[in-house]
Protein chains: 2
Amino acid sequence: MRPSKRDELVRKALEIFDRLGYQAAGMDTLVAETGISKTTMFKHFRTKDDLILAVLRYRDETFRNWFFKQLDESGLPPGEKLLHVFDLLEDWFGEPSFKGCMFIKASAEFQEKAHPAHVQSAEHKRLLRQAILELAGQTGVSDPELLTRQVMLLIEGAIVSAQMGTDRDPSAVAKKAARQLLECGMRPQSTVN
Amino acid sequence: MRPSKRDELVRKALEIFDRLGYQAAGMDTLVAETGISKTTMFKHFRTKDDLILAVLRYRDETFRNWFFKQLDESGLPPGEKLLHVFDLLEDWFGEPSFKGCMFIKASAEFQEKAHPAHVQSAEHKRLLRQAILELAGQTGVSDPELLTRQVMLLIEGAIVSAQMGTDRDPSAVAKKAARQLLECGMRPQSTVN
DNA sequence: TGAAAAATGAACAGATCGGTACATTTTAAT
DNA sequence: ATTAAAATGTACCGATCTGTTCATTTTTCA
């Protein structure tokens, strides 16, 4: 199997970057913790940044797969399915290894908006939002675009609050908010200002 | 004037940490960009971490001062004053030098929840939330605590979205959401789940 | 003007950073 | 069993990291 070591590296590096941070985790740390030789690492990835990008790509793929598979398998009607998003967040936050969103953290460590890691992180959020827009469109709400953007804010806020530990159960708070926004959006009324 | 150089260092270091990141900005960079000698820096702060903490303290002080002074001077009634929070965010996001929230970024770079910079960042958010709870309490809403937590999520979400560039005008979206949540909260009705 | 305090510049220490060179060993496929 | 590919270990490179040393200069204030 040819790309096995490479995949193994990406998977293990993901956990380490998530736990220690992208800059704080040096290549020597990766060698020590993965058991993979530095020579092999640099044969598969020309630079550390390339490895980080591969890790982010992998994370984007696995996270979105998990997320939307869970939503689909819930078999809930559109509205409840949209709200179920926050139950999934709760599950995620509850994992003992939860260390926040790797993309938010990447955008914080690599601030320049043109930095590949930043671009990749923004793209992940865009794909997430796009999928949620589809859900919102099926709820019969008058302005699915607005609801989607509001839900995205609640998601990001819940993630950050969980990551910082500034709210005990941010996903429950976010879900209540989302439910009210959903219900208000069902009756086509004025949204002044 | 004795502590002048020290304050000057804190102010200039704040801008540099905000622009480059805490880890990415080395002490040599600080020397080059502030014009303050390394000897002086380490006389005022025993370690780089101490300097970072001083910067965060200063940021907490100036940001909260600005924020709540603006709110008070708006002279708006309680409900509108609470919503005015998001206008202030919009002003902040619009600043050319806006680089996201220094506390969210600090919590991302210093992940361990016991790390002083992380603790300090969480404390900033707590103080912010506490002040917003006072506002929410004056609106006559049935559950000020809930509204406060929801508003905090919207704030964090808007900041992150602005920082990542994943939403054109997150503060406007957040304000609409907050208004609906405020209005829904005025009529004491069921908040199922 | 004179003495104490504060700030400076430059060199340096020891550790770590990302990344390379190269000879050797292990693995995989014929 | 042979051969090519893949992975390894080690030593190393130059740069950068936080932090120190120390002699000198500038500032402050009485």
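To find a chain, count down the sequence lines: A is the first, B the second, and so on, and within it residues start at 1.
- Taking atom CD on B:E8 and atom C1' on C:dA7, their separation rounds to 11 Å, with Å as the unit.
- The bend of the helix from C:dT1-D:dA30 to C:dT30-D:dA1, defined by the angle between the axes of its first five and last five pairs, stands at 30° to the nearest 10°.
- Taking B:Q23 as the reference, B:E109 meet the side-chain hydrogen bond (donor to acceptor under 3.5 Å, both in side chains) condition, with sequence neighbours excluded.
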Pair up each side-chain donor or acceptor in residues 90-102 of chain B with any protein partner under 3.5 Å, not counting sequence neighbours, and list the distances.
none

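- Residues forming a side-chain contact (heavy atoms from CB on, under 4.5 Å) with B:A108 (at least two apart in sequence, or on another chain): A:K105, A:A108, A:Q163.
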Please table the atom pairs, donor to acceptor, closer than 3.5 Å between any side-chain atom in residues 29-36 of chain A and protein atoms at least two apart or in another chain.
| residue | atom | partner | partner atom | Å |
| --- | --- | --- | --- | --- |
| A:E33 | OE1 | A:R19 | NH2 | 2.8 |
| A:T34 | OG1 | A:L30 | O | 2.6 |
| A:T34 | OG1 | A:I36 | N | 3.0 |

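- Applying the side-chain hydrogen bond (donor to acceptor under 3.5 Å, both in side chains) rule to B:R64 yields the partners B:D60; only residues at least two apart in sequence or on another chain are considered.
- Taking NE2 of A:H124 as the start and CZ of A:R57 as the end, the distance is 14.5 Å to the nearest 0.5 Å.
- Regarding A:D49, its CG atom lies at a distance of 13 Å from the C1' atom of C:dC17, rounded to whole Å.
- DNA chain D lies under 4.0 Å from at least one heavy atom of each of the following residues of residues 26-41 of chain B: B:G26, B:M27, B:D28, B:K38, B:T39.
- By the neighbour-count criterion of 12 heavy atoms within 6.0 Å, atom CD of B:Q70 is densely surrounded, having more than that number from other residues, nucleotides or ligands.
- Remark: A:E134 engages no residue in a salt bridge (Lys or Arg N to Asp or Glu O under 4.0 Å) (not counting sequence neighbours).
- Distances shorter than 4.0 Å separate none of the side-chain N or O atoms of A:K5 from OP1 or OP2 on D:dA7.
- Between the base of D:dA6 and the side chain of A:K43 there is no donor-acceptor pair shorter than 3.5 Å.
- In this structure, A:D49 has no side-chain hydrogen bond (donor to acceptor under 3.5 Å, both in side chains) partners at least two apart in sequence or on a different chain.
- At a non-hydrogen distance threshold of 4.0 Å, nothing from residues 111-121 of chain A comes into contact with DNA chain C.
- Rounding to whole angstrom units, CD of residue A:Q23 and P of D:dC17 are separated by 11 Å.
- Per the geometry, CZ belonging to B:F42 stands 12 Å off P belonging to D:dT21, to the nearest Å.
- Here A:F67 pairs with A:F63 under the ring pair (Phe, Tyr, Trp, His ring centres under 6.0 Å) rule; sequence neighbours left out.
- With sequence neighbours excluded, the residues satisfying side-chain contact (heavy atoms from CB on, under 4.5 Å) with B:A117 are B:L53, B:L56, B:F110, B:H115.
- The side chain of B:H44 has C:dA7 as its nearest neighbour among C:dA7, D:dG19, C:dT20.
- Rounded to a whole Å, the CG atom of B:D50 is 14 Å from the P atom of D:dT18.
- Taking atom CZ of B:R46 as the reference point, atom C1' of D:dT18 lies 13 Å away to the nearest angstrom.
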